[in-house]
Structures are given as C-alpha cells and as structure tokens.
Amino acid sequence: MPALECGVADASLPEEDMAVGSLRDYLVRMNKQTRTVLLASGTALVGALGWAGWQFFKEKNLEEPHYRVLSVKDGVELRAYVPSIVAVTEVEGAFDASLNEGFRRLAGYIFGGNRSKQSIPMTAPVGMQRSGQVWRMTFAMPSEYMLETLPEPVDPRVRLENVPGRRVAARSFSGSAPESVAKAEQARLLEDLKKQGLRPVGEPVLAQYNSPFMPPFLRRNEILVEVQAEELVH
C-alpha cells in the first residue's frame, strides 16, 4: 500500500530534516507575504506620485499676473509687472487663522459668492501681506476681466482693486511656508536688496502658488516686494 509506505517513510525522517522542511515552508510563506506587501506598497507609491504629478501639472497651468524679468542677481529676480486686478480682504488675528479665514472669503467670491453668482477661474498666487494690525490677502483676477466686468462681491469684507504696473523684487523658495519661514525669507530678501542698492516700497508679500494638497517639495513660494523705480533711486 503505497500510501502507508509513504507515511512510514515520512515518520522515519530525522528530526533535523523535518525542521529544515518546516523552515523552508515558513520562508516560502514569508516570501509570498513580503511580495504582496511590496506590490501593494509599490502600487500605492506609483499612485501617489501620479496624483502629485497631475496636481503639479494642473496648478502649474493656473494663470499668473504677467511680468517681464529685468535681471537676476544672487537669487533675487527683478520684475516689471503689468497692471492687474485683485480681490482683497483684510483679517485681524494670528497668521494661520487669518490665512484660513481670508482664503475662505476670497474663495467664496470666485466660486459664486457674487451678485451674478458667477464662477471665476482660480489663478495664482495667493498673496498674504501684513498691513498695520491686519493681514491683507489677495487673489489675482484673470486678465480677461476689467474692473467693470467683474461681478460685485456679496461679502462686504471682499473688495476689488486695480493694481498699477510696478517693479517688484522676488525671492523663490519651496516647501511649506509658515509665518516663521516667511519672516526668515523676507529678511533675506530685504538684506539682499540693501546690498544691491534697491529700495523697497511697502511691506513684503508672501506669494503661494500651490494648494495645500500639493506635496511640500513641489510647492513654489515667493517673497515679493515692490521697489522704487530706477529713476527715483539715484
């Protein structure tokens, strides 16, 4: 009876051979589990990178205020901006709370919170500037609009303003932009302007070009400050 003979043979295996067989079976099972985990992790990583790439592409194509680069020196870019229009709101309080509240108001305006219930395309950047005791947040309006053709905000705390053409110094940086980082980057820019003989006009602006959904290493931030026209410096 072959089955019985096999059983007798298995029972007669030395203990060390049985241990080796058990270890081999265990390693095979572990390899299968490891492959499954690695496959799942790899799929998740590819998905995350694909989503980040799609988000980067989408946000990179947002309209920005138009400008011409005049010069680049020691990480400072000097630009000539054309006139534009911004939606503005001012918020009292701490930086983070003001950032969230200001964004909520301005996003409400462009997503239909206006007399025409009209949606206005999102642009970049979102500007955040200290103005006395308040934080001043701005959304740039698409260049297709004039002040007369933009719908009136429903929220009285939101207003529309013309921004004249101007010279602006810019320093770019990536990553997250909490208040502490923004202050450090502002100090660096102002020190560089002093060395280059450029005179700032008004308070610097933290310009953020990406949504919170963008991975920090892909984010683009800038410190912008208007500088005096060249003919007024000398």
Side-chain angles (χ1 to χ4, degrees), residues 45 48-49 51-65 67 72-79 81 84 86-111 122-141 155 157-159 161 163 166 168-196 198 200-227:
L45 178 60
L49 290 175
W51 180 86
W54 174 82
Q55 191 74 14
F56 178 78
F57 177 79
K58 182 181 72 170
E59 295 184 13
K60 189 175 178 61
N61 286 298
L62 294 177
E63 183 181 353
E64 300 176 15
Y67 62 84
V72 181
K73 183 179 180 180
D74 297 330
V76 177
E77 191 169 86
L78 191 61
R79 304 169 178 171
Y81 276 86
S84 60
V86 294
V88 184
T89 191
E90 294 176 345
V91 186
E92 293 185 9
F95 178 84
D96 289 341
S98 298
L99 185 68
N100 291 332
E101 174 62 18
F103 190 91
R104 186 186 65 79
R105 294 178 192 176
L106 296 181
Y109 168 67
I110 68 170
F111 294 143
M122 185 69 187
T123 62
V126 173
M128 191 72 164
Q129 179 186 39
R130 191 65 177 173
S131 179
Q133 300 302 309
V134 300
W135 290 101
R136 170 185 164 93
M137 178 177 279
T138 60
F139 277 16
M141 295 292 98
D155 190 335
R157 298 169 297 181
V158 175
R159 64 182 185 276
E161 291 183 359
V163 180
R166 64 211 187 281
V168 171
R171 173 179 287 283
S172 300
F173 63 100
S174 61
S176 300
E179 186 177 12
S180 58
V181 171
K183 284 183 175 180
E185 294 293 339
Q186 287 178 13
R188 289 182 62 193
L189 175 59
L190 294 176
E191 182 62 26
D192 287 338
L193 295 183
K194 185 177 180 180
K195 292 177 182 177
Q196 295 180 26
L198 296 170
V201 178
E203 292 294 320
V205 175
L206 168 62
Q208 296 179 279
Y209 290 81
N210 304 109
S211 71
F213 303 109
M214 180 69 71
F217 70 93
L218 290 177
R219 292 180 193 172
R220 171 190 168 201
N221 311 295
E222 292 181 333
I223 301 297
L224 308 174
V225 66
E226 184 177 353
V227 295

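Heavy-atom basis, side chains included; hydrogens, waters and symmetry copies ignored.
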task: May I have the step-by-step check of side-chain contact (heavy atoms from CB on, under 4.5 Å) for R136 and V88, ending in yes or no?
output: CA-CA 7 Å; R136 170 185 164 93; V88 184; 3.5 Å; yes
- prompt: What's the verdict on side-chain contact (heavy atoms from CB on, under 4.5 Å) for I110 and M122, showing C-alpha distance, side-chain angles and the deciding distance?
  reply: CA-CA 7 Å; I110 68 170; M122 185 69 187; 3.4 Å; yes
message: Between L206 and K183, does the side-chain contact (heavy atoms from CB on, under 4.5 Å) criterion hold? Intermediate values first, please.
response: CA-CA 9 Å; L206 168 62; K183 284 183 175 180; over 6 Å; no
task: Test salt bridge (Lys or Arg N to Asp or Glu O under 4.0 Å) on R130 and E179 and set out the steps.
output: CA-CA 11 Å; R130 191 65 177 173; E179 186 177 12; over 6 Å; no
- request: Kindly determine whether R188 and E185 satisfy salt bridge (Lys or Arg N to Asp or Glu O under 4.0 Å), including the steps that lead there.
  value: CA-CA 5 Å; R188 289 182 62 193; E185 294 293 339; 3.6 Å; yes
query: After noting the C-alpha distance and the side-chain angles of V225 and V168, does the key distance pass the side-chain contact (heavy atoms from CB on, under 4.5 Å) rule?
result: CA-CA 5 Å; V225 66; V168 171; 6.0 Å; no
message: salt bridge (Lys or Arg N to Asp or Glu O under 4.0 Å) for R157 and E101? Distances and angles first, verdict last.
response: CA-CA 11 Å; R157 298 169 297 181; E101 174 62 18; 3.7 Å; yes
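Heavy-atom minimum distance, G102 versus M137: C-SD, 3.3 Å. Closest approach of A170 and R79 over heavy atoms only: CB-CZ, 3.6 Å. For the residue pair Q208 and A177, the shortest heavy atom distance occurs at NE2-CB, 3.6 Å. The shortest non-hydrogen separation linking G175 to N221 is O-ND2, 2.8 Å. Counting all heavy atoms, side chain and backbone alike, R219 lies closest to P212 at NH2-O, 3.0 Å. Heavy atoms only, all atoms of each residue included: P65 and A124 are closest at CD-O, 3.2 Å.
A heavy-atom distance below 4.5 Å is found between the side chains of L106 and V158. You'll find the side chain of M141 reaches within 4.5 Å of the side chain of Y109, heavy atoms only. For the pair S98 and M128, the minimum side-chain heavy-atom distance is below 4.5 Å. You'll find the side chain of R159 reaches within 4.5 Å of the side chain of E90, heavy atoms only. Counting only heavy atoms from C-beta outward, the side chains of D74 and Q196 approach each other to under 4.5 Å. Side-chain contact between V227 and L78: present, with at least one pair of heavy atoms (C-beta onward) separated by less than 4.5 Å.
The backbone N or O of G93 lies less than 3.5 Å from a partner atom in the side chain of W135, making a donor-acceptor pair.
Atom CG of residue L198 and atom CG of residue D192 lie 10.0 Å apart, to the nearest 0.5 angstrom. Put simply, CD1 on I223 and CZ on R171 are 9.5 Å apart, with the number rounded to the nearest 0.5 Å. In this structure, M214 CE and S174 OG are separated by 12.0 Å, a value rounded to the nearest 0.5 Å. In this structure, CG on L224 lies 13.5 Å from CD on E203, to the nearest 0.5 angstrom.
At a threshold of 4.0 Å, the pair E64-R220 counts as salt-bridged, since one of the basic side-chain nitrogens sits closer than that to a carboxylate oxygen.
The aromatic rings of Y81 and Y67 lie tilted to each other, with the angle between the two planes from 30° to 60°.
Looking at S172 and E222, their side chains do bring a donor and an acceptor atom within 3.5 Å of each other. R105 and T89 form a side-chain donor-acceptor contact under 3.5 Å, judged by distance and modelled atom types alone.
F103 and F139 have their aromatic ring centers within a separation under 6.0 angstrom.
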